[in-house]
Structure formats: C-alpha cells, structure tokens
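Read through the structure below, which is laid out as structure tokens, and then see the notes.
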Amino acid sequence: MLDKNGIAKRIAKEVTDGMYVNLGIGIPTLVANFIPQGIEVMLQSENGLLGMGPFPISGEEDADLINAGKQTITTLPGSVFFDSAMSFGMIRARKVDLTILGAMEVSENGDIANWKVPGKMVKGMGGAMDLVASAKNIIVAMQHCDKAGNSKLLSSCSLPLTGVKCVKKIVTDLAVLEVKDGAFHLLERAPGVSVDEIVAKTAGKLIVVGEVPEIED
Amino acid sequence: MLDKNGIAKRIAKEVTDGMYVNLGIGIPTLVANFIPQGIEVMLQSENGLLGMGPFPISGEEDADLINAGKQTITTLPGSVFFDSAMSFGMIRARKVDLTILGAMEVSENGDIANWKVPGKMVKGMGGAMDLVASAKNIIVAMQHCDKAGNSKLLSSCSLPLTGVKCVKKIVTDLAVLEVKDGAFHLLERAPGVSVDEIVAKTAGKLIVVGEVPEIED
Amino acid sequence: MPLNKVVKNAQEACADIQDNMTLMLGGFGLCGIPENCIAELVRQGVKGLTCISNNAGVDDFGLGLLLHQRQVKKMISSYVGENAEFERQMLSGELEVELIPQGTLATRCLAAGYGMPAVFTPAGVGTEVAEGKEVRNFHGRDYLLEMAFDADFAIVKACKGDTMGNLVFRATARNFNPLMAMAGKITIAEVEELVEPGDLDPNEIHTPGIYVHRIFKGEHYEKRIEQRTVRQ
Amino acid sequence: MPLNKVVKNAQEACADIQDNMTLMLGGFGLCGIPENCIAELVRQGVKGLTCISNNAGVDDFGLGLLLHQRQVKKMISSYVGENAEFERQMLSGELEVELIPQGTLATRCLAAGYGMPAVFTPAGVGTEVAEGKEVRNFHGRDYLLEMAFDADFAIVKACKGDTMGNLVFRATARNFNPLMAMAGKITIAEVEELVEPGDLDPNEIHTPGIYVHRIFKGEHYEKRIEQRTVRQ
C-alpha cells in the first residue's frame, strides 16, 4: 500500500522534461517534491503564476505571492505572473500538459466528481471544472476507497460531476490504473497489494491483463 | 465654406474635458491641433496606444512607436501601450467616448460607407468597422459633395457599408448636421454658405428649423 | 469626467454605492483585496448587495466583514469555504450563493471588459453548472454559452496607480483585479502607491486608465496571509 | 519539448514550415514584424501559404517580400493598401484576399489563445462582412459569431525574450504579436535581445513562455519606418 507520499512519488514518474503542470490541492501538491533531478517542469498555479517555486523560508512570506491553495510560495527564474483570464485561457487552450488533482469518485468512462457532496456544505469548484474540462492529460491522485471502505472507482459517479470523460489515469494507495474504452485498466499494484484486493475494491469495470507488476520505488 | 482645418476646428469644439477620443486618418487627425487649452483628452490609437502625443521632432522618430496611420508619433505622461485585442476590447466595450472619422457616404439613418468602392482596388476596412459598430458617439468629417459634385449625404448609401445606424453628427465644408430620426438636421452653416446651397447639395432627407446660425470661429 | 481620476479616499470613492447594487470585488482569497473599500462599505452599511468575487473572505476579514453585517444578498464566487458565518447564512437561506467555475468567472469579467456579450467555455459541460445553459458543439467539443457580467461597480486593488487611473499589479495579487477593473460600469481602484502620470512605464501598465473612474491611495493595508506556509 | 526553447536562428526555427500551411505573422504595418523569419521564408521558398497578418507589407519589405516571390496563396488581413505587387496579384486573381475588421482579427487570435472556439463582435453587422455569418442579438444589439483562428505557425517579434520563451514587447510594436504568440499551434518568437530566465521581471512579461515553442535572437533589424512624420 502507498501512503500519500508514495502516491505522489509514483505520479511524479509521469512528469517528463519540459512539461507545464497544474497541481491540485492535497496529494498533488506533494508531487513537486518527487520530480526527479534533471526533469525541468513549470508548475502553473491557476491564480496567476507559471513557474511556482517552493514555500518561502520563514520570514520571507509575501502576502502578494500565493498559490491556488492560498499558501505562501516563491517564484523561480523564468516565472511569470498573469491575470486569471489568461491563466484559464492557457488552461482552456490546452497549453498545460498535465493536470494532477484529487477526486471523491471516478467512473469507468473517466467522469470525475470532486467538488460537492449533497447535504454537506458546498465550498465550490474553484478552478477544478475548468481544469478537467480542458486538460490534455489528467491524473487523479486519491485513496482507492473512502473511509467507509466503499470503492471510489465506480461504474458511474453518484456525486455531482466536476467533469465528464476526462480522467486518463488514476494513482491510488493500491494501484495505478488507466481509464480508457469505458473501463479501468490495471497497470501496476502497490507493494504488497494483490490483484484480488484491487479487484474486490474496484466497483467499476476493471480490466486485468496478464501479470500486473508492482510499482517500482 | 470650411477648408480641412476649418472642419477639424469645428469638430474640436465637440471634444470635452476628460474624453477618450479615436481620430481616424485625414481630417480627423487634424482635430488634435484645435483642441482648446484647458481641455484634456486622451487620444486612442487602435494599434495599441492610449495617450498619443504629437509627431516627434526630426531625429527622434521611433520605428516601434506609430499611430494607426503608420506615422511616427510620441507618447505623453500617462500614455499606455496594449495589444490589439485590448485596444478593440476597450472600443467594443464603449470606453472610447468619441470617434471621429472620414466617410465617402452617410445616409439619413446614420449608415456610413467609407471603405470600399466597387471596381476600385480595395485596401480594407482596417479598424473602421469595429469603431463604427461600437462607438458611443461618431462624428464624420467629410466634404459635403464628391469631386463630381454629387452629394455624400444620401437617403441610403450606394457604396458597401462600413456600419449601420451609427453616425451621430457630420461636419462638412458646408455645414454641421445631426443625424437622428431618419434625417439630417441642419445645425450650423459654414461662413458664407446659404441654407439653400446646403439644401441643394443634400440628397437625403434634410430638416431645417428656423434660423440656422453660422459656425462660430 | 476629467482625466484626473483621483478621489480623496474610500468614503468619496464609494459614496454613491447603493443598496441592492451589484459589485465586483478583486482578489483571490485575501490576496489583492480592496481592503479600504470593503471597510468603507461596512462603515456606510449599504445592504442587499450582490457581490461577484472569487472568494468570500474569512470570518473577520475581507468580504467576511460584509457578510457578518448581513449586507450581502447574493455571492457569485468559485470557492467560498473559509468562512463559518458564510456557511451559516447560506444554510439558513439568508444568503443566496451562485457557484461558478473560476475560469468562467474570470472570462465573464473579460467579456464585459472587451464588449463581448457572451463567451463559450467547456468548463462545466455535463455537470450541474450546465443546467439551463445553452450547449454548443464546435469541432466535436461541447461548450457552454456564458454571459458577460453586468456590475454597477468594480472595486479593485492595485500595487501602484497614477492619477489618470493607470494600474500596475504585483505578483499574484493581480488575479481578478485587472479583469474586474475592465468590467465595472464604474470602476474604483485603491492603490498602495499613487504616482503622477509618466511615473509608470507605459509598457508595464496592466490596466489602462480608460477603464478606471476613481482612484485613491489606500491606507493601513493589513495584507493578511491566509495560509502562511514555509519551508522546513 | 524542454523548457529551454532556444533555437539557433530563423533557419532552424522555420525548418518545418511547409507548403500550403497557415501562418500568423505579427506586426502592424512594418512595425514589430518578424523580419528574420520573413527573410528565411523567402530564402527557403515555401509556397502556397495562407498568411494571417494585419497588413501585407510594402513592395520591398515585410510580407511584400513573400508576395513578390508568389509564395502566398491567401492573405487574411484588415488593411492591405500599401503594395503595388499585392494589388496586381489580387486583381489578376493569383492571390486570394480575405479582408476582416481589425478588431475581429485581433479577437479571433485572442480566442485561439484562450481556447474559446468563437467570439461575438458587432463589427461588420449589416455589412458584407456579415454575409454567411451567424448574427445573434444580445440585449437588443446584433453581433456576428466569429471563429477562432487555427494556424499551423505563429511567427512573432518581441523586443526581449528569455530562453524559456517569455516575451516582452515594446511600444506599439506590441500590436498583434502577443495575441498571435498565443494562437499558433507552434509559435516562433524572434527577439532583439535574448536574456536568461530571471532577467525579466515576472510582473512585466507580456507573453508567458508556455505559449512559445521556439525563440532566437534575430539579426540585422532594419525596423523600417513606413510613414516618417515629424513636427514642424
């Protein structure tokens, strides 16, 4: 089983040199910590920054310089600031190569639900609907099951959707799965996790072909 | 009768303090020379400048700094450069208070034709169609008749239109006219020009009410 | 209106904001919010406001102050989850809330500022955001038709501005500010530093003064940080 | 593609531009045109081009050079009247010309760069520009539906750029350049000065490098003035 850092580390392998990447809040934010040496990427923060740097050292926080999670951050050489229309313009025009975000549910046809639970306080979709509607490539980082043990990989989402037919890949605590042709395709298993367990915990259509390798460290 | 400078001078009286004004090529460009002391205006040049200054002194021409007529110009304190989308964005959003441009024909309902003569080489509409479609207030500067002596103030335009129902006022060599309710309304006559002459040279519907004052110098 | 847009302070700038008007307020979270004008709106007690703002402040700062005084009838935002009083009013039905995607919010401002009555965006296709909206397919992809905003006032905060209303924003405090500055029928800009025409490089101005109707130098900026996060 | 977008020169930047492609070229008149790339296109002799550019150069400079070599099949412009060879080809039917309003041209670039498939503009309503186009009324006013451009390459010229493709334009040489930079499937930027990442102030960059695929330092800029006009 992977912990949050394990999920982030596995996703970081999907990041290739020169990519522009938008990281959502939560596990996706951790991905930045695992991008291999020699791989140069530019992180896009949808509140208006390309080239997001690490958190500042204490005492150097700048109230004017935050990420989409409202955390204080820094810039890097080559960073650019822009307004929110341009920020979502470049997202909508598919200039951002990879979007990594969390989800409450993903369906076998790639629908994603991650913004609203009926009966609970709704905080809003923020930029998630724009991101999932336009991203060239979307990887979801999430737990395979919710806290009650119910699968979050479903035949169809029960929660209000954030976007339709958009998720390309999912990395959970148990597995790496590709979403295509209306099914989850098991690519890799987490260390110590059996295919049977993944099958048992995946409610949507799951395709398993041949030996399923363990995620490499 | 007014010469070009006379037409420009009369139009300059329509310019009030604080206006943002777009001046077309030709006579409209001359208007800038007659704006009274104490009246502050910002001239918009649709190629991307607000706050157009006078032509440069010889030796200080800057190839990167031109107006929409491609003439070398200068900036003033408070000038701003922007791209063409923002330039026409502010035009389309009706932030430009007054547009002054030339015309080949104007109709009694305010249609304007100023970009194309069938059978002649077409140079293009440039920004004129955008300007006339969106301007809050359009004043046309032109000769009352063409070189053959035909009226340019018509019941309907014979040339391909630049825009419909948009011209508010016309200043010609002979008269100042308002365009409203489907007619030209004679407001002022040029020095030495009789109402009869204006009537004779206006092909579209012309309304003359009471004494028509001479244009004041 | 003269080209000199300077007013004395927030009180003069906001004097004619009336009950039941629609306001746009710049900022992302607490970053780049018009602190002086918000304080003035609280002071003058205008009510029944519809506020278009990406977020709704926190309980004791930003738009939270207006919410606390129950001056807001409706919030149009993309994310509002930092605010207990907001939640209470929303759940009790006192406050109407319209949640829209962040990029849609930004683009509807841009549309207003650029005179485009409506824009197409794929954000929200197939979701409840699409309900009641026109869906149109271009080149095999579905888009929603979203309308330009129509706000009585836009209230923004810039780092610097000159007396003609030209504005420069700093870092991610830019966010929605230049977009809203273009979108209001009347635009009020409060600035940390007010300079003379010519002091700003004309190549570096983000909002041309033609979009700005009133400008003043704000005071006592707190610039509160919402999520102070530092490296270990 | 690595984040370092630097190519050696115009020849490398333009190597894969092929016959019958659609190119956008920045500039207004001769102001801010990509001189090096135009010269390279003339040198390599690519033919059948569709060129989206506000103007068509003059007889012996700018796009006029491409026209002279009969490399252009179609021009999409707002104003083309400075060019005798252009006129000859147009009148003889050798050259197809589509004239569109300048603001429409700009906005169709913006639409492409911002992922909007189409935009509404009132420019050209009731004129021959409206022929065959959808007209739609919003709030009592008619607008034309105009499609985003779809160009294989955008070729722009900036004053400064860094190796990551971030661009800064100068004065009115900005014009269509940042819009086209956003709108090309592949965007080539030639710059007068090429600097390192960090040398440009992130607040002052007009075009973020995410939109730019290739950048190089141009040479021997003539920067010809079309209408030299001076004060008496």
Side-chain angles (χ1 to χ4, degrees), chain A residues 25 29 45-49 52-75 79 81-92 111-113 115-116 121-134 160-166, chain C residues 28-32 54-56 77-82 86-87 90-91 97 99-107 109-111 113 121-129 141-144 159 169-179 206 221-232:
Chain A
I25 295 168
T29 302
S45 191
E46 66 266 26
N47 56 317
L49 169 61
M52 183 164 57
F55 298 126
I57 58 172
S58 184
E60 299 199 350
E61 307 92 328
D62 178 346
D64 287 339
L65 183 45
I66 63 171
N67 66 16
K70 294 160 190 113
Q71 297 169 306
T72 44
I73 48 157
T74 57
T75 58
S79 287
F81 298 115
F82 34 79
D83 66 44
S84 299
M86 181 179 264
S87 182
F88 285 94
M90 66 182 64
I91 288 167
R92 205 182 299 112
D111 294 353
I112 178 172
W115 77 284
K116 186 176 185 179
M121 170 64 187
V122 179
K123 296 186 169 185
M125 66 291 281
M129 281 194 183
D130 305 273
L131 281 159
V132 302
S134 295
L161 295 182
T162 309
V164 295
K165 294 180 188 168
C166 53
Chain C
F28 182 96
L30 301 180
C31 180
N54 190 58
N55 311 89
S77 303
S78 87
Y79 192 85
V80 292
E82 297 96 349
F86 181 97
E87 184 166 350
M90 181 173 165
L91 294 175
V97 178
L99 293 169
I100 61 179
Q102 194 173 320
T104 301
L105 183 67
T107 311
C109 294
L110 180 77
T121 173
V125 167
T127 77
E128 63 182 53
V129 163
R141 199 170 166 205
D142 283 337
Y143 296 82
L144 302 184
C159 168
F169 304 92
R170 184 173 170 273
T172 58
R174 194 182 317 182
N175 56 64
F176 289 86
N177 280 302
L179 303 170
H206 298 123
Y221 282 104
E222 178 178 338
K223 296 180 71 167
R224 193 187 292 188
I225 292 175
E226 206 166 336
Q227 303 283 347
R228 190 177 301 273
T229 314
V230 296
R231 227 178 299 176
Q232 298 311 325

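Proteins get letters first, then strands, A, B, ... in listed order; numbering begins at 1 in each.
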Gap separating the CZ atom of F28(C) from the CD atom of E46(A), nearest 0.5 angstrom: 6.0 Å

Portion of L105(C) that has a non-hydrogen atom of chain A nearer than 4.5 angstrom: neither

What's the shortest heavy-atom distance between L99(C) and G124(A), and which atoms? CD1-CA, 3.8 Å

Considering only heavy atoms, which portion of D142(C) lies under 4.5 Å from any heavy atom of chain A: side chain, backbone, both, or neither? neither

Find the one option among S78(C), A106(C), A123(C) whose heavy-atom pairs under 4.5 Å with chain A are most numerous. S78(C)

What heavy-atom pair brings T172(C) and L65(A) nearest, and what distance separates the two atoms? OG1-CA, 3.4 Å

Go through the atoms of T104(C) and report whether side chain, backbone, both or neither lie under 4.5 Å from a heavy atom of chain A. both

Between V97(C), T121(C), V125(C), L91(C), which residue shows the highest count of heavy-atom pairs closer than 4.5 Å to chain A? T121(C)

Checking side chain to side chain contact (heavy atoms under 4.5 Å, CB included) for the pair K70(A)/Y79(C): CA distance, chi angles, key distance, verdict? CA-CA 12 Å; K70(A) 294 160 190 113; Y79(C) 192 85; 3.8 Å; yes

Option that, when pairs with chain C are counted at under 4.5 Å, heavy atom only, ranks first among G48(A), G59(A), G163(A), P54(A): P54(A)

Output for pair (K223(C) NZ, E61(A) CD), nearest 0.5 Å, gives 13.5 Å

Exam field: side chain T72(A) to backbone R228(C), donor-acceptor pair closer than 3.5 Å: no

Relative to chain C, which segment of K116(A) carries a heavy atom at a distance below 4.5 Å: side chain, backbone, both, or neither? side chain

Under 4.5 Å heavy-atom distance to chain C, tell me which part of N67(A) shows up: side chain, backbone, both or neither. backbone

Just so I know, are the side chains of S84(A) and L179(C) near enough to count as touching, which here means a heavy-atom distance under 4.5 Å? yes

Under the side chain to side chain contact (heavy atoms under 4.5 Å, CB included) rule, what do E226(C) and I66(A) come out as? Steps first, then yes or no, please. CA-CA 9 Å; E226(C) 206 166 336; I66(A) 63 171; over 6 Å; no

Is R231(C) in contact with chain A via its backbone, its side chain, both, or neither, using a 4.5 Å heavy-atom distance? both

Hey, is the main chain of A85(A) close enough, under 3.5 Å, to the side chain of T107(C) for a donor-acceptor pair? no

With a 4.5 Å cut-off on heavy-atom pairs, point out which of C31(C), G29(C), G32(C) contacts chain A the most. C31(C)

So for E60(A), is it side chain, backbone, both, or neither that comes closer than 4.5 Å to the heavy atoms of chain C? neither

Under a 4.5 Å heavy-atom cut-off, does chain A meet the side chain of F169(C), its backbone, both or neither? neither

Please report the shortest heavy-atom distance between V230(C) and F55(A), naming the atom on each side. C-CB, 3.7 Å

Measuring heavy-atom distances to chain C, does F81(A) have an atom under 4.5 Å in its side chain, in its backbone, in both, or in neither? both

Name the option with the most non-hydrogen atom pairs under 4.5 Å to chain C; the candidates are I57(A), T75(A), L49(A), I91(A). I57(A)

Under 4.5 Å, counting heavy-atom pairs only, tell me which of D83(A), V164(A), T74(A) racks up the most with chain C. D83(A)

Would you name the heavy atoms of R141(C) and A133(A) that are closest together and state the gap between them? NH2-O, 3.0 Å

Show the numbers, then the answer: is there a side chain to side chain contact (heavy atoms under 4.5 Å, CB included) between F86(C) and M121(A)? CA-CA 10 Å; F86(C) 181 97; M121(A) 170 64 187; 3.9 Å; yes

Euclidean distance, I73(A) CD1 relative to Q227(C) CD, rounded to 0.5 Å: 13.0 Å

What's the spacing between L131(A) CG and Q102(C) CD if we round to 0.5 Å? 8.5 Å

Note: V122(A) and M90(C) closest approach over all heavy atoms is O-CE, 4.3 Å

Evaluation steps, side chain to side chain contact (heavy atoms under 4.5 Å, CB included), between T127(C) and W115(A): CA-CA 11 Å; T127(C) 77; W115(A) 77 284; 5.5 Å; no

Just to verify, which of T162(A), D130(A), V132(A) counts as forming a side chain to side chain contact (heavy atoms under 4.5 Å, CB included) with P101(C)? D130(A)

For G126(C) and L161(A), the nearest pair of non-hydrogen atoms, with its separation, is O-CD1, 3.7 Å

